[in-house]
Protein chains: 2
Amino acid sequence: MQKTVLLVHAHPEPTSLTRTFVEVSKTHLAESGHRVIESDLYGLNWKAVFDADDFLKRESEERLAFIRESGFAYANATQTADVQEEQAKLSQADAVIFQFPLWWFSFPAILKGWVDRVFAFGLAYGYKGAGNQYRYGEGGFAGKRALLSVTVGGPIEDYGGRGINGSLEQMLFPITHGTLFFSGMEVVPTFAVYDSVRMTHARVELAKKALKERLNGLFADPPIPFRFQNNGDYPDRHQLATDVAPELNGILAHLRNPDLFI
Amino acid sequence: MQKTVLLVHAHPEPTSLTRTFVEVSKTHLAESGHRVIESDLYGLNWKAVFDADDFLKRESEERLAFIRESGFAYANATQTADVQEEQAKLSQADAVIFQFPLWWFSFPAILKGWVDRVFAFGLAYGYKGAGNQYRYGEGGFAGKRALLSVTVGGPIEDYGGRGINGSLEQMLFPITHGTLFFSGMEVVPTFAVYDSVRMTHARVELAKKALKERLNGLFADPPIPFRFQNNGDYPDRHQLATDVAPELNGILAHLRNPDLFI
């Protein structure tokens, strides 16, 4: 069945590895029968900074409180046109792929600003005006899949379980768990190409092949096994039940199989 | 002895909790005999997006590779004036305090873009053109202290060792470890005020008092005990020695006392 895939990407150089992978994904997904839409954040000259200009009408003219104004603008269709357009793309998407270079172990600012501005209150958080009722596995983006596809300058040994930078998947937890799964998406494991500053033609070809394989599994691969808020693991919606992974604390406690996240 | 403290902050609303804490810090540090300089990112209309305009002269006109151009611009003083000014402030600072609201479990985009643009190759990474020789505890910002001071919308129980969002300090690891300690800073534990959307006058006063106490310890408190790259724990500069915390994998392995980081 044809699916719609939104490709959000963040590199201004057309010959970059990021953009090379964007082209590979567009072509391969289309050849697989899918419909591809995209958000080329540098090409769009995307406004990264979330500020007063995001709210065409204010609930309070006196004091700028972002959560309140985000909810007001979303509910009253007084968001800016660029944000509405991204939300419209998201509503069509069955999956979202984020293709970006890892900068300081996280999103480039332009991509963080896409989340800050597009993931509105009432949609990505505070869904249905019901506080935290629907987060983590439910919410405005439930039913969608997500994939982080990231190029990493350093070598893989720096990012493994014992690597000096720390485990890549653990560092991306604020995004995979705290942003995408939070708002309802099923997130498949991160696709990473390491040593991106030392690519050879042969390594690029291998990476393209590996990416295509991951794209083939975009809708079939098991997602990262984050725990759903509302399946019993968090009886009060705040903390893990005492009998759930009682030996664990921190990030790893929120996976049904923490071994997959090292 | 008088120290210079750089306050980098990120909220446009003068009456916000962020800006309230900025004022408290400025006043209290000055009263303690320190010199305070600041970077009011919204006030500066800080350009968050790292792009071709960051490089006044290019090493390569054909292809934009950020690391190469960042190193070239830093070495040749062809960075933009705003970036040079922030680096000049950093060079004067004995400590840097980041005061910001936690947005999607990380920096707001404007603050991420301050790091992306100011933490240049040759200074914050690739120090002295020596590859990875000086990272994690050494480097361009060695001798400086850093503190994240963050306002968090949700309740503290969501952020503890068993809280649904994950441990706050673990989520901030890409910043504390991967950005600040990476470039040489000693990072003290994060100061967080939770439930920031439900503040009362009494809670604001308590939080101001707690912040002042943390400011009193800015130069004396033990830093987060991250492992130094060059003290023997990482013999090849990439991975932990097999006899260092052999039972641990991931983020926690990079602390000399992981219990402090849950």
Side-chain angles (χ1 to χ4, degrees), chain A residues 12-13 15-16 42 46 48-52 63-67 101 103-110 112-113 115-117 119 132 135-136 153-155 157-158 160-167 170-171 173-175 177-179 197 229 234 237-240 249-254 261-262, chain B residues 12-13 15-16 42 46 48-52 63-67 101 103-110 112-113 115-117 119 132 135-136 153-155 157-158 160-167 170-171 173-175 177-179 197 229 234 237-240 249-254 261-262:
Chain A
E13 170 55 49
T15 68
S16 63
Y42 278 92
W46 180 257
V49 177
F50 194 28
D51 59 19
R63 186 169 192 269
L64 175 55
F66 279 94
I67 297 175
W103 285 0
W104 296 104
F105 307 111
S106 187
F107 277 159
I110 198 170
K112 180 55 165 59
V115 171
D116 287 349
R117 298 184 59 225
F119 275 38
N132 284 328
R135 65 183 174 173
Y136 293 116
E157 59 263 36
D158 286 12
R162 305 274 295 167
I164 187 166
N165 293 337
S167 145
Q170 287 184 21
M171 282 191 287
F173 180 87
I175 300 172
H177 179 265
T179 305
V197 297
Q229 174 175 280
Y234 307 91
R237 292 189 195 147
H238 295 290
Q239 305 214 48
L240 280 167
N249 273 297
I251 287 174
L252 294 180
H254 304 287
F261 214 63
I262 286 171
Chain B
E13 170 54 50
T15 68
S16 63
Y42 277 91
W46 180 258
V49 176
F50 195 28
D51 60 19
R63 186 169 192 270
L64 175 55
F66 280 93
I67 297 174
W103 285 359
W104 297 105
F105 307 109
S106 188
F107 277 159
I110 199 170
K112 180 54 165 60
V115 171
D116 287 350
R117 297 183 58 224
F119 275 39
N132 285 329
R135 65 182 174 172
Y136 293 115
E157 59 263 36
D158 286 12
R162 306 273 296 166
I164 188 166
N165 292 337
S167 144
Q170 286 184 22
M171 281 191 287
F173 180 88
I175 300 172
H177 180 264
T179 304
V197 298
Q229 175 176 279
Y234 307 91
R237 293 189 194 146
H238 294 290
Q239 305 214 46
L240 280 168
N249 273 298
I251 286 174
L252 294 181
H254 304 287
F261 213 63
I262 286 170

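Below, all heavy atoms of this structure are taken into account, side chains as well, without hydrogens, waters or symmetry copies. Letters go in sequence order (proteins before strands), and every chain restarts at 1.
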Residue among B:Q239, B:Q229, B:R162, B:H177 with most heavy-atom pairs under 4.5 Å to chain A: B:R162
For the student: nearest non-hydrogen atoms of B:S106 and B:I175, plus distance: OG-CD1, 4.2 Å
Considering all heavy atoms, the nearest A:N165-B:F173 contact: O-CE2, 3.4 Å
Contact leader toward chain B among A:G161, A:S167, A:G166, where contacts are heavy-atom pairs under 4.5 Å: A:G161
B:V49 side chain reached by A:W46 side chain, heavy atoms, under 4.5 Å: no
Audit row: A:K112, B:D116, salt bridge (Lys or Arg N to Asp or Glu O under 4.0 Å) steps and yes/no: CA-CA 12 Å; A:K112 180 55 165 59; B:D116 287 350; over 6 Å; no
Option in A:I67, A:V197, A:V115 with maximal non-hydrogen atom pairs under 4.5 Å from chain B: A:V115
Most chain B-contacting option - heavy-atom pairs closer than 4.5 Å, from A:N249, A:D51, A:I164: A:I164
Minimum-distance pair of heavy atoms, taken over all atoms of A:A48 and A:A109: CB-O, 3.9 Å
Most contacts with chain B, counted as non-hydrogen pairs under 4.5 angstrom, among A:R63, A:R117, A:R237: A:R63
Structural part of A:R135 lying under 4.5 Å from a heavy atom of chain B: side chain
Residue among B:A65, B:P108, B:A253, B:G154 with most heavy-atom pairs under 4.5 Å to chain A: B:P108
Most chain B-contacting option - heavy-atom pairs closer than 4.5 Å, from A:G160, A:G250, A:P12, A:G113: A:G250
B:L240 portion near chain A, given a 4.5 angstrom heavy-atom threshold: both
Close side-chain approach of B:H254 to B:Y234, heavy-atom, < 4.5 Å: yes
Pairwise distance CD(B:Q170) to CD1(B:I251) - rounded to 0.5 angstrom: 5.5 Å
Mutual orientation of the aromatic rings belonging to B:F66 and B:F50 [parallel < 30°, tilted 30-60°, perpendicular > 60°]: tilted
Top of A:F119, A:F261, A:W103 for chain B proximity - count of heavy-atom pairs under 4.5 angstrom: A:W103
Chain A contact via B:P101 - side chain, backbone, both or neither, heavy atoms under 4.5 Å: neither
